[in-house]
Trainee: 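Here you go, one structure.
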Amino acid sequence: MGLIVQKFGGSSVADADKLRNVARIITETYKRGHNVVVVLSAQGDTTDDLIEKAKEINPHASRREMDMLLSTGEQISCALCAMAIEVLGCPVISLTGWQAGVQSNTGYGNARIKRIDTERILAELDKRSIVIVTGFQGINRYGDITTLGRGGSDTSAVALAAVLHADLCQIYTDVDGVFTADPRLVPEAHKLEEITFDEMLELATLGAQVLHNRSVEMAKRYNVDLEVLSSFSGRPGTKVKEVVKIMEKSHVSSIAKDKNVARLALVDLADEPGIAFRIFSLLSGKKINVDLILQSIGRGDKKDISFTVAKSDLEDAERVLEENRDYIGFDRIDVNDNIAKVSIVGAGMMNNPGVAASMFEALFNAGINIHMISTSEIKVSVLVDADEADRAVRVVHRKFFDEIAGQNSL
Ligand code: ASP
Ligand code: MG
């Protein structure tokens with residue numbers, strides 16, 4: 001007997017039938033003798049609908065009141081799920097973030113979990129109750145409800161699994177696990193049995209929408225055994241862990257696409273020390289994350305610096321740079337938001353030269369132009385035109401999972 005944390009995403013609890021299905025999965029786990037803590041997201045598009053409702057009343061509502069509103073979605077799904085479990089005859093109790101002891105900092109709308117006082121949960125588990133906790137929310141030191149950022153229920157689940165020393169944290173969703181590429185884009189993509197925390201973290205950050213990236217960070221830090229699986233198919237999912245047994249023969253585990261990028265280029269900067277510092281400290285002062293960065297070689301006494309930001313940060317980024325035009329010293333800003341980032345991720349590429357070249361070859365053969373490149377030990381990202389991104393994913397997938405994997409097969 002062990003302790004299992006099961007998290008169900010919005011699509012898994014979207015309506016009464018789906019809630020009944022989730023209640024069945026939970027009670028089956030419970031009846032096998034496990035203690036079960038459940039974390040739920042809001043039903044379907046509830047959170048989006050609540051945001052729309054708020055906009056109708058006040059497009060500039062305070063973040064505190066937004067959290068007060070958005071946190072209700074999870075409360076609904078938790079109460080309904082508890083009711084569905086009651087029908088199945090198992091002891092159950094649903095708790096809000098506050099009741100479950102989830103303490104956060106004060107960052108309304110994007111709060112971080114600081115600690116979880118597990119007393120109440122442990123007392124309920126002692127009574128052999130199934131404990132259902134609202135995901136995505138906590139309580140701050142003012143006694144206010146906070147939310148953890150969109151998709152934050154994954155993080156709630158992993159945090160609970162960490163503090164409760166759970167044997168397993170299962171993240172149930174509407175797909176079978178983590179795939180070699182988005183199966184809607186690449187029909188021959190296949191599910192991975194295992195993936196490392198580092199790969200998953202890169203993928204979560206690079207646009208694969210399987211897991212909230214902070215949840216992966218936390219799982220890695222506290223070594224939480226994670227599994228991503230479908231609440232519908234009953235098939236085994238993808239295990240996320242520190243080290244995996246089988247490496248893909250192609251050295252690449254998965255391919256991700258992110259359309260939420262915009263490229264800015266500052267043209268004709270002075271070629272002297274301190275320019276990059278000025279640009280990027282201004283941006284970080286506005287909490288704008290910069291991703292790919294490219295600096296040209298000097299031409300005479302001039303140079304250019306290009307970089308990418310999330311599309312949602314584009315306006316702010318342009319504004320702060322324009323406001324500091326004299327301080328930075330540039331001729332003009334060139335913007336392109338009609339682009340996408342395509343990335344390959346794989347722990348296996350670390351000691352295998354030629355992986356990046358294979359990706360570039362696939363893109364070259366397809367006539368797809370690369371605007372920018374960035375690499376880390378376990379990923380290569382390229383920036384391409386938005387309307388070529390899907391095709392780029394397909395040709396790169398074919399390269400690594402058909403051609404190369406085929407050559408390397410034993
Ligand atoms: N309901 C929240 C959202 O849609 C949190 C979550 O689903 O994880 O962002
Ligand atoms: Mg959701």
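Residues: numbered from 1 along the sequence shown. A quick note: this is a predicted structure, and the numbers were derived from the prediction, not measured. Hydrogens, waters and symmetry mates are skipped; everything else that's a heavy atom, side chains included, is used. Start at 1 and go down the list; that is how both ligands and their atoms are numbered.
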Trainee: Count the heavy atoms of every other residue, nucleotide or ligand shown that sit under 6.0 Å from NZ of Lys303, and state whether that count exceeds 12.
Mentor: yes
Trainee: State if Gly73 counts as touching ligand 1 under the rule of any non-hydrogen atom under 4.0 Å.
Mentor: no
Trainee: Would you kindly specify which portion of His212 sits under 4.0 Å from ligand 1, judged on non-hydrogen atoms: side chain, backbone, both or neither?
Mentor: neither
Trainee: What atoms of ligand 1 come within less than 4.0 Å of a heavy atom belonging to Gly151?
Mentor: 3 (C), 5 (C), 6 (C), 8 (O), 9 (O)
Trainee: Assess Arg221 against Phe197: is NZ or CZ under 6.0 Å from the centre of the six-membered ring, and within 45 degrees of the ring's axis?
Mentor: no
Trainee: Going by the atom numbers of ligand 1, which of them fall below 4.0 Å from some non-hydrogen atom of Ser41?
Mentor: 6 (C), 7 (O), 8 (O)
Trainee: Which of these, Gln43, Gln137, Arg150, Lys7, has its nearest heavy atom closest to atom 4 (O) of ligand 1?
Mentor: Arg150
Trainee: What I'd like to find out is whether the side chain of Leu292 reaches to under 4.5 Å of the side chain of Ser381, using heavy atoms alone.
Mentor: yes
Trainee: According to the interplanar angle, ranging from 0 to 90°, do the rings of His190 and His397 count as parallel (below 30°), tilted (30 to 60°) or perpendicular (above 60°)?
Mentor: perpendicular
Trainee: Looking at Lys191 and Pro236, would you say the former's side chain and the latter's main chain have a donor-acceptor pair under 3.5 Å?
Mentor: yes
